[in-house]
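Written below as structure tokens is the structure these notes are about.
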Amino acid sequence: MGARDQHDRSAVFQMDAVDLSSDIVEPISTYRGENPNSVRLAYVADVPVNWCPELGTVLANEEVVDGKSEIGGFPVVRRPMRQWMLRITAYAERLIKELDDLDWPEGIKLLQRNWIGRSEGAEVEFMLDKEQKIHVFTTRPDTLYGATYMVLAPEHPLIERFVTEEQWPAVREYRERAARKSDLERTELAKEKTGVFTGAYAANPVNNEKIPIWIADYVLLGYGTGAIMGVPAHDERDLEFARKFKLSILPVVQAEGKTSEESIGFIGDGVAINSPVINGLPTQPAKKKIIAWLEEHNHGKSAISYKLRDWLFSRQRYWGEPLPIVWENHKYRALDERELPIVPPPLDDYKPTGTGEPPLAKAKEWVRYSGNALRETNTMPQWAGSCWYYLRFCDPQNDERFVGEEAERYWMGGPKPGGVDLYVGGTEHAVLHLLYARFWHKVLFDLGHLSKPEPFQRLVNQGIILGEDNQKMSKSRGNIVNPDDVIDQYGADAFRCYEMFMGPLEQMKPWSMRGVEGVARFLARVWRLFMNENQAGEWVLSAKLKDVDPDKAEQKIMHATIKKVTEDIESFSFNTAISQMMIFVNAFTNAETIPVSAMRTFLILLNPFAPHLTSELWEKLNTGFKAVRGDITEQKWPVYDEALLAEDEIEIPVQVNGKFQGVLNISVAATKEEIINAAEKLPKVKQRITDGYIKVLVVQNKVVNFVTK
RNA sequence: GCCGAUGUGGCGAAAUGGCAGACGCAACGGACUUAAAAUCCGUUGGGCUUUUAAAGGCCCGUGCCGGUUCGAGUCCGGCCAUCGGCACCA
């Protein structure tokens, strides 16, 4: 994939040139320029944040679901606060592109792509007067001639500069009302479009026509430039807005087989009309041509916009890593590496204050760093640790670096772009942990600390386990299953095996205590295969265990089990692996003698599923029979012999017209003619082919099918 | 609204296009036991039907409708339902 080119470290923190916000990102410790907040990877911003009064902290966009906190479901309101941000948007392009070479479920890749939300289009300048211009972002520059008005987000900073005096009261009132609305009200509840005319006009760059400028809360400050051109003929939202406020509507894209008038409301690709520069061109070339025209006339350029916002990285809670920052004369600086790690001081009360002031602010002595410097009291969110713990796991004792270079190369190296070979986690992390960790990993990679640009090569999503009532487990529903209780009652092996036996790993499935019991019974049967209770009530090695060779049938089932378990582990089909081991145990349950060699093989197969039970039985065998060197976990994984699985005689289903009529037991060596002859004689078949048949199909070792009509 | 996933017995689920329901749970019957628990053995998709019975026979059945095929739970097209994600993103 030309990894070096795509992940060129010389471009450290250089952003895509067409991005709409700032151009360069630099780590806080190296930047020496004038306005650090505009370029730094970590920066401070006064932004409207998601404030959750109940949790007493702000939350990232990813942590807010339907206007409520992801944790606890408490209401979240917009509130301006001074906060630390991480410039994840600088990585938007790479976070999308570099998903391609990861072995992740397509669904998760899609969730991330949608969350990052890349859109290609153009940035266009509308002249307000001779000096001032308003930038809009559009994915449909080919509809520029159809722009009959403009809308700015109510919070847009330019508004105050041009709003007319007579419109000012209405505009101010609208802005105040918009500010009070929660996100929930602004979207879900506001089905009806609202807006206010500013009294001002701007010139459409393609034809110099004056179009009215409105403000409306259906335009979001945080996306694109916070301003749009209204093209009511070819955008559903704009059309609704224009109809409500009686703004003019001009069709500029003609749909195939429709008149220009009928094309109003058409949002697909068509042919440009009423657009001198691009008339007659289909949508795609029209876009290209109009962008070229805009660039040539200095009215705009091609641009890419992302839905992804920068990551709000501070929290007003005690339990999080403190930010290694001090404030001097209203300026911040990073603490020296030698001062790390920062250990938070003990407090009398660790609960959030509820006012937005972080709990650490209460530790007055700790906060006073020096005569003129105060410590930052915000802490990092829970995600900070999960962004790099897997790196620390490579080298947990290292007290020089977060991970030693050699250890990092050993564990995280390899030919693929991702470091961790296999990562198992739930879908709930799709746009949280899995996005954040990729971002940090790329930053560390760019700084030269890591050998791979991606953290997790292969991702498998395990399904969540529901309560016994088939509902999501939650305290309020009272359907929580506590693993500790289950382990107390049935043991860790049974708990572990049951989770694997429940069904396919990726599927969500309900818990069942009966099911746990069933698996516990299976493990008890395994135990009794090896151990019997004597008169005194002590467990001793079963007298049936003999140091003999397994017979042919026993060998066959043993090798079938090795094959199935081995293959199923590879494909994460743990449930069917356990089924096969149950079949194996059932086959030996009433045996007169039990060959020790087969049992040893079986224990090795079962060991990854039930480690405690199998190690104990392994050692018990060593006391009664010739001891095998090494712990059970050190044994070689068994290998099956295909030859021992081969049958002399096979069963072949016989059909007439595709319907099953009986089964034929016949030697594998039988010829096609022999098979047909024998099949014809099966009573039910004979009955059905009395009038003969027009053809007969024999699929080797699979099926015989007579076709009669 | 858009995107994605999933639909198979009473339940969790199996099934390279070739005997649907392996394995487990639950239920029922039996053995063991003074009794119970535990354990072991057996039956168990639905409907109709033959026979004194033991045992058979026929039909239907993998969300619904259609298609491909000798043959479809599996492949293709359309629909329905449930769950998850996004949701004024210009």
Side-chain angles (χ1 to χ4, degrees), chain A residues 65-66 105-111 113-115 117-119 121 136-140 143 151 153 186-188 190-191 193 216-220 222-231 234-238 240-241 267 305-309 427-428 430-431 461 463-464 466 468 470 472 498 501-504 506-519 521-522 524-525 528 573 575-586 589-590 651-664 684 687 693-699 701-709:
Chain A
V65 179
D66 292 337
E106 278 309 312
I108 294 283
K109 288 189 182 182
L110 201 66
L111 280 174
R113 288 198 190 100
N114 290 344
W115 186 263
R118 181 183 197 274
S119 299
V136 304
F137 173 75
T138 177
T139 54
R140 294 296 299 270
T143 63
V151 183
R186 245 177 105 149
T187 55
E188 236 167 82
K191 298 218 165 65
K193 294 263 179 302
D217 65 6
Y218 83 93
V219 173
L220 310 170
Y223 181 75
T225 60
I228 62 154
M229 58 180 201
V231 184
H234 307 292
D235 182 286
E236 284 175 31
R237 298 150 299 180
D238 295 349
E240 194 192 330
F241 190 79
I267 56 169
S305 191
Y306 302 92
K307 288 203 295 191
L308 184 71
R309 309 294 152 80
T427 333
E428 68 273 18
V431 293
N461 287 131
I464 60 166
L466 307 169
E468 297 211 60
N470 235 313
K472 231 182 204 170
Y498 174 64
F501 184 66
M502 289 171 83
E506 305 84 2
Q507 221 162 82
M508 83 160 94
K509 43 211 177 263
W511 185 265
S512 156
M513 271 311 176
R514 298 281 198 184
V516 185
E517 250 169 79
V519 171
R521 273 204 286 269
F522 160 65
R525 275 208 303 280
R528 287 196 307 270
S573 308
N575 54 330
T576 46
I578 292 174
S579 294
Q580 180 62 37
M581 288 189 281
M582 286 173 169
I583 292 168
F584 178 93
V585 170
N586 291 348
T589 294
N590 289 317
E651 291 191 337
I652 303 178
V654 181
Q655 306 174 339
V656 176
N657 294 326
K659 280 197 161 184
F660 172 75
Q661 299 300 351
V663 69
L664 188 65
K684 281 163 81 174
Q687 220 173 71
Y693 50 88
I694 51 176
K695 71 170 172 176
V696 59
L697 230 103
V698 180
V699 181
N701 294 353
K702 274 282 159 64
V703 75
V704 180
N705 189 11
F706 294 93
V707 184
T708 63
K709 53 172 188 317

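Just so it is clear: chains get the letters A, B, ... in the order the sequence lines come, proteins before strands, and each one is counted from 1.
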Requested in this report: Could you tell me whether the side chain of A:E468 and the main chain of A:M513 form a donor-acceptor pair under 3.5 Å?
Outcome: yes

Query raised in the report: If you measure only the distance, is there a donor-acceptor pair under 3.5 Å linking the side chains of A:Y218 and A:D238?
Result: yes

Report task. Could you list the residues that satisfy salt bridge (Lys or Arg N to Asp or Glu O under 4.0 Å) with A:E236, not counting sequence neighbours? Result -> none

Query - For atom CE of A:M502 and atom P of B:rG12, their distance in whole Å - result: 11 Å

**Report entry** salt bridge (Lys or Arg N to Asp or Glu O under 4.0 Å) partners of A:R525, counting only residues at least two apart
**Finding:** none

Query raised in the report: Hey, does A:N705 have a side-chain heavy atom less than 4.5 Å from the side chain of A:V696?
Result: no

Query raised in the report: When you compare B:rC11 with B:rC65, how far apart are their C1' atoms, in angstrom units rounded to a whole number?
Result: 29 Å

Query raised in the report: Roughly how far apart, to the nearest Å, are B:rA13 and B:rG21 at atom C1'?
Result: 9 Å

Report task. Decide, for B:rG9, between syn and anti: a glycosidic angle within 90° of 0 counts as syn, anything else as anti. Result -> syn

Requested in this report: Could you tell me whether A:R113 contacts a base, only the sugar-phosphate backbone, or nothing, with contacts defined as non-hydrogen atoms closer than 4.0 Å?
Outcome: nothing

Query raised in the report: Between A:Y498 and A:E517, does a side chain to side chain contact (heavy atoms under 4.5 Å, CB included) hold up when you go through it step by step?
Result: CA-CA 9 Å; A:Y498 174 64; A:E517 250 169 79; over 6 Å; no

Report task. Between A:V699 and A:N114, name the one whose nearest nucleotide on RNA chain B is closer to the 5' end. Result -> A:N114

Report task. Sticking with atom P, work out how far B:rG7 lies from B:rG46, rounded to a whole angstrom. Result -> 23 Å

Report task. Enter the distance from A:D235:CG to A:E240:CD here, rounded to the nearest 0.5 Å. Result -> 10.5 Å

Report summary line: In whole angstroms, the gap separating P of B:rU6 from CG of A:L466 amounts to 16 Å

Query raised in the report: Given the C1' atoms of B:rA81 and B:rA14, what is the spacing between them in whole Å?
Result: 24 Å

Report task. Specify the separation, in whole Å, of atom CG of A:L111 and atom P of B:rC2. Result -> 18 Å

Report summary line: Rounded to the nearest 0.5 Å, the CD1 atom of A:I464 sits from the CD atom of A:E428 at a distance of 7.0 Å

Query raised in the report: Less than 4.5 Å apart, any side-chain heavy atom of A:L697 and any of A:V703?
Result: no

Requested in this report: Taking only the side-chain heavy atoms of A:Y218 (C-beta and beyond), determine which of B:rC40, B:rC88, B:rA13 contains the nearest atom.
Outcome: B:rC88

Report task. Write out the stems for RNA chain B, ordered by first number and formatted as range with range, counting runs of at least 3 consecutive Watson-Crick or G-U wobble pairs under 3.5 Å. Result -> B:1-7 with B:80-86, B:10-12 with B:23-25, B:27-31 with B:39-43, B:45-50 with B:55-60, B:63-67 with B:75-79

Contact list (N/O, under 3.5 angstrom) for nucleotides 57-61 of chain B vs protein:
from	atom 1	to	atom 2	distance (Å)
B:rC58	OP1	A:R688	NH2	2.7
B:rC60	OP2	A:K659	NZ	3.2

Requested in this report: From the options B:rC19, B:rC40, B:rA13, select the nucleotide whose nearest atom is closest to the side chain of A:P653.
Outcome: B:rC19

Query raised in the report: NZ of A:K193 versus C1' of B:rC88: gap in Å, rounded?
Result: 5 Å

**Report entry** Check: A:K307 side chain, A:S119 main-chain N or O, donor-acceptor pair, under 3.5 Å
**Finding:** no

Report task. Take the protein atom CD of A:E428 and the nucleotide atom C1' of B:rA5, then report the distance between them rounded to whole Å. Result -> 15 Å

Query raised in the report: In B/S/- notation, 5' to 3', how is nucleotides 20-33 of chain B contacted by protein heavy atoms closer than 4.0 Å?
Result: --BBSSS-------

Requested in this report: Identify whether any heavy atom of A:K307 sits under 4.0 Å from a base atom; if not, whether one sits that close to sugar-phosphate; answer base, sugar-phosphate or nothing.
Outcome: base

Query raised in the report: When you measure from the side chain of A:K509, which nucleotide among B:rG12, B:rC88, B:rC3 comes out closest?
Result: B:rG12

**Report entry** Interatomic distance, A:L308 CG vs B:rA87 P [rounded to whole Å]
**Finding:** 12 Å

Report task. Name the nucleic acid region contacted by A:T427, choosing base, sugar-phosphate or nothing; use a 4.0 angstrom heavy-atom cut-off, strictly under. Result -> nothing

Requested in this report: Quick one: list whatever passes salt bridge (Lys or Arg N to Asp or Glu O under 4.0 Å) with A:K472, sequence neighbours left out.
Outcome: none

Query raised in the report: In whole Å, what separates the P atom of B:rG73 from that of B:rG61?
Result: 10 Å

**Report entry** P gap between B:rU49 and B:rA35, integer Å
**Finding:** 41 Å

Query raised in the report: How far does the P atom of B:rA87 sit from the matching atom of B:rU82, given to the nearest Å?
Result: 23 Å

Query - Polar side-chain atom of A:N470 near backbone of A:P510 as donor-acceptor pair, under 3.5 Å - result: no

Report summary line: Of B:rA90, B:rC70, B:rC83, the nucleotide closest to the side chain of A:F137 is B:rA90

Query raised in the report: About how many Å separate OH of A:Y306 and CZ of A:R118, when rounded to the nearest 0.5 Å?
Result: 5.0 Å

Query raised in the report: Just checking A:M581: base, sugar-phosphate only, or nothing, at a heavy-atom cut-off of under 4.0 Å?
Result: nothing

Query raised in the report: Hey, does A:L697 reach any base, or is it just sugar-phosphate, or nothing, if we go heavy atoms under 4.0 Å?
Result: base

Requested in this report: Provide, to the nearest angstrom, the distance between the CZ atom belonging to A:F522 and the C1' atom belonging to B:rA13.
Outcome: 16 Å

Query - B:rG77 to B:rG85 separation - C1' atoms, rounded to the nearest Å - result: 26 Å

Query raised in the report: Looking at side-chain heavy atoms only, is the closest gap between A:V707 and A:K695 below 4.5 Å?
Result: yes

Query - Spacing of A:M508 atom CE relative to B:rU6 atom P, expressed in whole Å - result: 12 Å

